Amino acid sequence: MIVLGVILLIIGFVTGISILWTIGIVLLLVGVVLWIAGALGHAVGGRRHYY
């Protein structure tokens, strides 16, 4: 999700399409939040891992 957000940001910036820029920012922020939550050990998407 982070990679897709960065790709959309770049495409939106180069082509000047503001909706791609906005969607890229949203995907980037959601991806970072989910990544941090997963790194802290929280269940992301209802998945639990028993180690």
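Keep in mind it's a predicted model, so treat the numbers as computed, not measured.
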| Interatomic distance, Leu27 atom CG to Ile7 atom CD1 [nearest 0.5 angstrom] |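 Here the interatomic distance stands at 10.5 Å.
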
| Which value, rounded to the nearest 0.5 Å, describes the distance between Ile11 atom CD1 and Leu4 atom CG? | 8.5 Å

| field | Hydrophobic cluster of Phe13, others only, ordered by chain and residue number, side-chain cut-off 4.5 Å | value |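 Same cluster as Phe13: Ile2, Val6, Leu9, Ile10, Val14, Trp21, Ile25, Leu28, Leu29, Val32, Trp35, Ile36, Leu40.
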
| Partners passing side-chain contact (heavy atoms from CB on, under 4.5 Å) against Val26 (at least two apart in sequence or in another chain) | Val30

